[in-house]
Amino acid sequence: MSASRGGFSSRFGFIMAAAGSAVGLGNIWGFPTQTASNGGAAFVLVYLVLAFCLAYPAFMAELLIGRYGQANAVTSMQKMSRNLWQKRFAFIVGFSGIICAALILSFYGILAGWMMSYAIEPVTTTLGFNEASSWLTSQSIARNLIFSALFMMLTISIIRRGVEDGIEKWSKRLMPMLIGLLILLIIYVFTLDGSREGFAAYLNPDISRVFEPDLLINALGSAFFSLSLGTSVMVIYGSYISKKENLVTLGAQVTLIDVSIAFLAGLLIIPSMYVAQAQGVAIFSDDGSLISGPNLVFEVLPTLFDGMGGIGLFVGFGFFVLMSIAALTSSISMLEGPVSFIVERHNIERKKATTFVGLGIFIISTLIILNFDVLFGFVISLSTVYGQPLIAMLCCIFVGWIWQRSDVLAEIKQGNDNVEHGLFWKIWPWYTKFICPSAIAIVFFHSL
Ligand code: PFF
């Protein structure tokens with residue numbers, strides 16, 4: 001950890017921060033809804049395989065780039081470059097990642113704002129403010145602007161404090177809360193009628209669907225989004241880890257936490273849908289598929305909470321607080337990517353840079369809110385469907401083909417003297433060089 005730029009003070013701090021970035025709306029909302037619309041357990045199976053076989057190696061590539069470079073994504077990659085063309089390539093890859101993080105934050109902040117407004121609704125309902133409740137749960141430009149602004153202010157206030165006092169401290173507080181809330185909600189749903197059927201739908205794979213192209217593409221996209229790949233975020237988090245830490249193990253632990261929480265979220269959401277069905281709520285659309293997307297979280301689940309009577313207010317509150325916390329630990333990482341770049345490359349003080357970048361991204365969110373039908377889906381596709389896989393692929397190419405092999409191996413060995421005897425050492429370097437970029441490219445071009 002360098003004194004001037006800050007860093008994580010402990011292994012636990014890093015794990016919570018990186019898992020905090022990874023675990024977000026993608027896990028608790030995206031993954032279960034994708035599972036619901038892609039054949040249940042078959043999707044879960046493919047997701048697990050892709051997360052460990054493709055996303056984890058790419059995730060390690062980004063962490064290693066950052067720890068080697070000890071700087072933001074652009075500077076770190078330029079340190080590995082040996083000629084002008086490589087430096088230019090490094091700039092393009094690093095900077096695109098930073099822009100991708102900013103774009104993701106611009107729509108993620110809107111979604112997170114919805115989660116916050118739905119979390120407040122049970123409170124206004126309890127107090128008898130019915131008009132406020134219906135305002136909080138109806139789409140409007142005013143509500144979207146106000147709650148995205150609030151969420152962005154929360155994100156900015158954490159990032160202004162820096163790595164240890166902001167990112168690490170808040171991730172250490174919020175992540176255990178999130179895991180606790182998630183487990184409590186699962187236990188509660190398990191006691192309700194209809195949940196068994198939901199567990200069965202979630203856990204029995206229809207193996208015939210495993211090789212469906214759409215399922216593969218969606219699972220790959222989810223895994224990359226979930227591990228925050230292709231956004232410079234894991235590069236910058238990698239740069240804040242001490243050289244004494246064993247990065248191979250840390251990376252595996254974060255991947256495991258991320259995947260486990262997605263799996264747990266499925267255990268909450270899919271059975272909840274069947275509980276809702278037992279209470280008379282329609283959970284299948286007209287074409288026979290399970291309802292997914294925004295309708296699932298903002299219509300099916302709230303109807304379920306309403307049907308629970310008084311306790312439903314607490315459960316609904318708990319659920320949307322859980323969503324808001326998950327969003328916040330991810331959004332801080334998205335803001336850190338561009339902020340670290342501006343602080344380090346342009347010598348601007350952190351607090352100023354954070355406010356400046358946060359405001360800039362909020363302006364993009366405002367444009368999206370004002371032109372919702374045109375921009376919302378477009379920004380999501382641009383950043384997550386095209387941006388993330390492509391940039392993650394370029395990072396693998398960078399590590400495999402440009403970074404000097406002896407330097408890669410020396411970096412892997414830091415904090416991990418025995419690595420030469422392990423599987424990672426034998427497989428990962430060539431895997432990242434050949435398999436990862438080709439597999440990502442195949443799935444990516446197939447999806448076009
Ligand atoms: N991993 C987050 C999620 O699953 O919700 C989303 C995310 C965080 C994407 C950070 C990109 C990023 F840079």
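Atoms within a ligand are numbered from 1 in the order they appear, just like the ligands themselves. Treat the numbers as computed from the prediction; the structure is a model and nothing was measured.
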Do any N/O atoms on [X] end up under 3.5 angstrom from N/O atoms on ligand 1?
X: Gly26; answer: yes
X: Ser330; answer: no
X: Val233; answer: no

Heavy atom of Phe31, distance to ligand 1 below 4.0 Å: no

Min heavy-atom dist Ala101 to ligand 1 below 4.0 Å: no

More than 12 heavy atoms of other residues, nucleotides or ligands under 6.0 Å from [atom1] of [X]: is that the case?
X: Phe190; atom1: CZ; result: no
X: Arg11; atom1: CZ; result: no
X: Phe372; atom1: CZ; result: yes
X: Trp428; atom1: CH2; result: yes

Report the member of [options] with the shortest heavy-atom distance to [atom].
atom: atom 13 (F) of ligand 1; options: Thr231, Leu105, Ile261; value: Thr231
atom: atom 7 (C) of ligand 1; options: Gln388, Glu336, Met334, Met234; value: Met334
atom: atom 9 (C) of ligand 1; options: Phe225, Phe224, Trp29; value: Phe225

N-O pairing of Glu245 and Arg67 below 4.0 Å: no

Salt-bridge criterion met for Glu349 and Arg160 (N-O under 4.0 Å): no

For [X], take its heavy atoms, then give the atoms of ligand 1 lying under 4.0 Å from any of them.
X: Ser333; value: 10 (C)
X: Leu25; value: 5 (O)
X: Ala22; value: 1 (N), 2 (C), 3 (C), 4 (O)
X: Asn27; value: 4 (O)

Plane angle bin for Phe147 and Trp135 - parallel if under 30°, tilted between 30 and 60°, otherwise perpendicular: tilted

Nearest neighbour in protein (non-hydrogen) for atom 10 (C) of ligand 1: Ser228 OG, 3.3 Å

Distance from atom 2 (C) of ligand 1 to nearest protein heavy atom, with residue and atom: Ser21 O, 3.3 Å

Side-chain donor-acceptor contact under 3.5 Å, Arg5 with Ser239: yes

side-chain hydrogen bond (donor to acceptor under 3.5 Å, both in side chains) between Asn144 and Trp114, worked out: CA-CA 7 Å; Asn144 290 349; Trp114 295 350; 3.0 Å; yes

